[in-house]
Structure formats: structure tokens, C-alpha cells
Amino acid sequence: MKFIETRGNDGQHPESVSFSQAILSPISSFGGIYSPESLPDLGTDFLNNHVNSNYKDLARGVLEAFEIDIDPATVDKALALYDEFDDPTNPVPVVKVFNDLYVSELYHGPTRAFKDMALQPFGVVLSSIAQQRNENYLILAATSGDTGPAALETFKNKANVRVACMYPVGGTSDVQRLQMVTEDASNLKVIGVKGDFDDTQNALKRLLASESFNKKLKEKNISLSAANSVNFGRIIFQTIYHIHSYLELVRQKAISMGEKVYLNVPSGNFGNALGGYYAMKMGLPVEKILIASNNNNVLTHLIKTGAYDLRTMSVVATTSPAMDILKSSNIERILFDLFGNVRTKELMQQLDTEKHYQLSEDELKIIQTIFSADYCGDDEGKAYIKNTFAKGYLMDPHTATCFKTYDTCREKNLKTIVYSTAEWTKFSPVIANALTGEIDAHDIDALKSIAAKANIQIPVMINELFNKEVTQKSIIGKEAIEEEILSFL
Ligand SMILES: *Cc1c(COP(=O)(O)O)cnc(C)c1O
């Protein structure tokens, strides 16, 4: 399968690239991103063939259908990481919560958030390609909480790859910070930046674009890469669990094969939802994809009105911080797939220069046959956490936003798959507050309180964080980042 650019080709870049090329250099002509030229058919035959497949066999089937240029031994090694999830026979449990609401739990990996679903296998794939090509890569990451730990975890001790990960000091939860600063592998560097997430992300963008920085890396024989959520190497692994969750409903006899379902996704950069969109386009029987946001509700407006408008919006901090995003990068791949590269370039350039675009009425109609959207405020989210806990299910604030779209966006009584993107342990102060009204300054107090109330254990990998040695001690101003990274290399 070939990958082509969402904003067309400028004659400087190759007209199409392989999967491995697309994931090594994800930036292309006119600032576009690589997307599949066409999608395989994974309709009825594929689903019937895989109705009894375990997760890894299904994954192998999907990757084969994409005809990626990764050798089978590497694919096996990558997929073997799902054996490290809580239940190796079922890394993604799908749990019945209400009669027609099922939760697909994507957080049973090492860092307890759904970023592991894609970053775990992606780390193996990227490191293998780098070794085969005898190249060295520096992965730069800026994180507000979940991507950083998952990227560090997957690349630790991997050959030919180093990671420099920046986080805003005071801008993450205790658990998220400890997951990063206790990593001690010699190929990892974690840098606390005095400032907010935007400062960190802007520093990262400046470094990626800096000629002098790139030149110094070249002298050291190192190329830059990014493990951010537009990298197709992550997206491909995010189509698999949508298909798995559907087949799981068939196996649980909740639906019969071919029956349509709603996919209900808490969305930020739209990687998770894009995986669902591709699964639907490849033949998964999906009625619609419900897009849940928090008060950063730019996607709700887009899907309801066709307007993507950042002129009057700025990011607001919410209790679901992994969704505090206004520039939702993977929307571009939807525009490209539905409306082609000429229109995508026009819309995205308008967004870059004028901070807004407006879809035509016809385009909006097409979007609305696929997506429906709503947003959930912090207090509403807490109420969903509390009420759902009273009915026997504990969930995190990101997952809770989906319960709003479940209530407001469904037009038919079809089974609905809600994607749970984080374990309760990652956002415990919000959950403890929702359940008891308490206000905890430290995660450990909230964790203990929830564990007692719900009569569950704090998972070992979370508990032991509080006793681990802090090995990553850099805390610097944003002007010192470049020097800090160069001295690490
Ligand atoms: C990253 C993340 C999201 C948003 O996922 P996207 O693929 O960026 O839309 C939602 N919830 C949690 C907990 C996350 O870490």
C-alpha cells in the first residue's frame, strides 16, 4: 500500500511513499500529512474469518490487508507487547455497563492510558526500521500527560532511537510526572519546562524547524522523528481495536454479525476517531461515530455547523486534560479522504492563515452521515462518573464525556461501544472529588480513597511509582531546552 499527501504534491517530495517511509518522515508537501491512497476491504468475509481470532491474530490480519512493508518477524515482535497487558489473552476487555452500552477498555497496558495501544507496537516497528537502515533517530515529544509516559515506556532501551520528552512543570498529574521522571534508561531524557503546555509545544515546534539544531544533529548522525498522533504508524494500530470491539460484541451475543453499532469516542487529536472512521470505511458495520469533547468543543461545532473556527477560542483547562486541544490534527485526514487533496489544502491553509474555515452545505451533509457530536462540561462529567459508579462501573473523566454523547447523539436504539481511554488511577483526584466531594492535593490520597470506596486495589505499577527513585531531574527555562538536549546527545 502506498501513502500520499493530504495537501497534494509539490514536486519536491516523492509522489507516494511506503508505510515505513511515511512513519519515518511524517511531514510532507505544503505541511500535509501522509494518508493511505486506498483502503483494503475488511467487510463481511474478513469479519467472519476473524470472529474467533484472538487480538494478535486479528491485528496480523489487519496489518496484512494494509500490505505494509514491515517483515513478519518485526510485526510478531511488535504485537507480542500486547502479551504484557493485564490479560494477555484479551488485552482489550469489552464490558457491558448498561443494556445497550458497552465499554471497550483501552487502558490495560503499562502506562494505564490508551496511548499504549498504538505506541507499544509502534516503538518496536520504528526501532526495527532504524536498525535495518542503520540510522539513528531522536524522537522529540512534548506532553501534557499521557503521550510522554507511553513514548518513554515504548522506546526505553530500544536500539537506534533516543527520546527527549518535555513536560510543563506543574502541568501534569503526580502519577503522570512520576511515570516520566522515574524512567532510568540511558536513551531517554525527560525535561521539565517552566511554563505551560503551549510553551513546551512551541519550543518543540521551534526545534523541529530550527536549521542550526538540525545541522548539529546531522553532525552527530541523528535524524529527527516525531511520535505524535498524526504518525500513521500509530493510526494503523488504532483501527484494530475498533474491529476487535465489534467482534467482541458478536462473541458476547450482544449483536449478530452485520448488525450496526455506534462507536463513541472521547476525542482530542482525533486519532482514536480516525481509526474508527477507517474501520467503518473498510466495512465494519457502524451506524455513526459519536465524537465526545469537553469544553474545548471545536469538534462539536465543526460537526454540527461545518465551521472550524478558532478566532474566538482559546484552550481552557478541564478535568479531561488529554482532550484540551483546539487544533485537532487528524481531522485533516478525514477532509482528505472525503473531499480530496485540492480542497483539503484550501481548507487547511485557510485555517493556518485565517484561523477558520467553513465547509459547504453538501460537505457538511456528508460529514453528518458519518459523525455526530456533543460536548460535556466538567460538572456534567463528574455527575456521569458518580451516577455510573452508583450503577457499578468506575470510569475516568475522559471516558465520562462519552456518556453525554450516548445520551444526546443517538437516533436509533443500537448497541454503543464507548471507548475508555484511561484507567481511574491516572486522574484520581477528579474521580475522588466526583464520588465523595473530597479535594485531594496529591494523587496518592485520591488513589487510596477510591480504592477503599470501590473495594479495588491500586495496580502495582502505579503504587510502586511513589517509592521509585527520581532519576530525571532536569527542570529548566524554555530558552535552555536546545542546549539541554544537545548535551544529552
Ligand atoms: C490522547 C487521549 C485522548 C484523545 O485521543 P485522540 O486520539 O487524540 O483523539 C482521550 N483520552 C485520553 C485519556 C488520552 O490520553
Side-chain angles (χ1 to χ4, degrees), residues 33 103-120 122 141-154 167 171-173 175-176 179-180 197 201 226-242 263-279 289-300 302-303 315 318-334 371 373 375-376 381 385 395-405 418-428 430-431:
I33 43 182
V103 177
S104 175
E105 297 179 344
L106 303 174
Y107 57 73
H108 289 276
T111 73
R112 320 312 284 170
F114 102 107
K115 300 291 189 285
D116 287 332
M117 289 305 304
L119 275 167
Q120 279 287 307
F122 175 73
T143 186
S144 65
D146 282 340
T147 300
L152 294 165
E153 186 63 29
T154 193
Y167 70 93
T172 69
S173 74
V175 164
Q176 290 170 325
Q179 283 180 323
M180 293 187 275
F197 176 60
Q201 191 154 34
N228 58 23
S229 66
V230 297
N231 196 309
F232 203 83
R234 285 176 60 176
I235 300 296
I236 198 166
F237 290 105
Q238 297 188 26
T239 61
I240 298 162
Y241 55 69
H242 292 288
L263 307 181
N264 192 348
V265 186
S267 295
N269 246 333
F270 220 71
N272 195 351
L274 179 69
Y277 170 82
Y278 285 145
I289 303 172
L290 313 183
I291 302 301
S293 297
N294 59 28
N295 274 330
N296 297 290
N297 54 9
V298 66
L299 294 174
T300 309
L302 174 69
I303 291 162
V315 178
T318 71
T319 52
S320 43
M323 295 156 64
D324 291 352
I325 288 174
L326 291 179
K327 262 197 142 178
S328 184
S329 315
N330 277 303
I331 289 288
E332 178 162 352
R333 287 195 166 108
I334 303 284
F371 299 104
Y375 67 100
C376 178
I385 291 172
M395 64 181 169
D396 101 295
H398 301 79
T399 312
T401 62
C402 290
F403 282 61
K404 172 78 178 281
T405 38
V418 162
Y419 290 92
S420 181
T421 47
E423 188 178 56
W424 60 276
T425 54
K426 284 211 100 168
F427 301 95
S428 54
V430 179
I431 301 169

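Order of listing sets the numbers, starting from 1, for every ligand and every atom in it. What you see below is based on every heavy atom in this structure, not just the backbone, and it leaves out hydrogens, waters and symmetry mates. Position 1 is the first residue of the sequence, and the numbers go up from there.
There is no side-chain donor-acceptor pair under 3.5 Å between N330 and N269. When only modelled atom types and interatomic distance are considered, N264 and T405 share a side-chain donor-acceptor pair under 3.5 Å.
Using a cutoff of 4.0 Å between basic side-chain nitrogens and carboxylate oxygens, D396 and K426 are not scored as salt-bridged.
The shortest N/O to N/O separation between G271 and ligand 1 falls below 3.5 Å. In terms of N/O distances under 3.5 Å, ligand 1 is not approached by M323. Polar contact check, K115 against ligand 1: a nitrogen or oxygen pair lies under 3.5 Å apart. Checked by distance only, ligand 1 and F270 come closer than 3.5 Å through their nitrogen or oxygen atoms. Not one N or O of S267 is nearer than 3.5 Å to an N or O of ligand 1, by distance alone. In terms of N/O distances under 3.5 Å, ligand 1 is approached by N272.
Of the possible donor and acceptor atoms, one in the side chain of T154 sits under 3.5 Å from a partner among the backbone N and O of L119. Judged by distance alone, with hydrogens and angles left aside, the side-chain atoms of Q179 form a donor-acceptor pair with the main-chain N or O of T111 at under 3.5 Å. For S104 (side chain) and V418 (main-chain N/O), no donor-acceptor pair under 3.5 Å exists by modelled atom type.
Atom numbering of ligand 1 starts at 1 in the shown order; those under 4.0 Å from a heavy atom of A422 are 13 (C).
Ring pair Y241/Y419 is tilted by interplanar angle, where 30° to 60° counts as tilted.
Given atom 4 (C) of ligand 1, the protein heavy atom at minimum distance is G268 N, 3.6 Å. Atom 11 (N) of ligand 1 has T421 OG1, 2.8 Å as its closest protein atom, hydrogens excluded (heavy atom only). Scanning the protein heavy atoms around atom 8 (O) of ligand 1, the nearest turns out to be N269 N, 2.8 Å.
For A273, the closest heavy-atom approach to ligand 1 does not fall below 4.0 Å.
Between F114 and H398, the ring center distance fails the sub-6.0 Å criterion.
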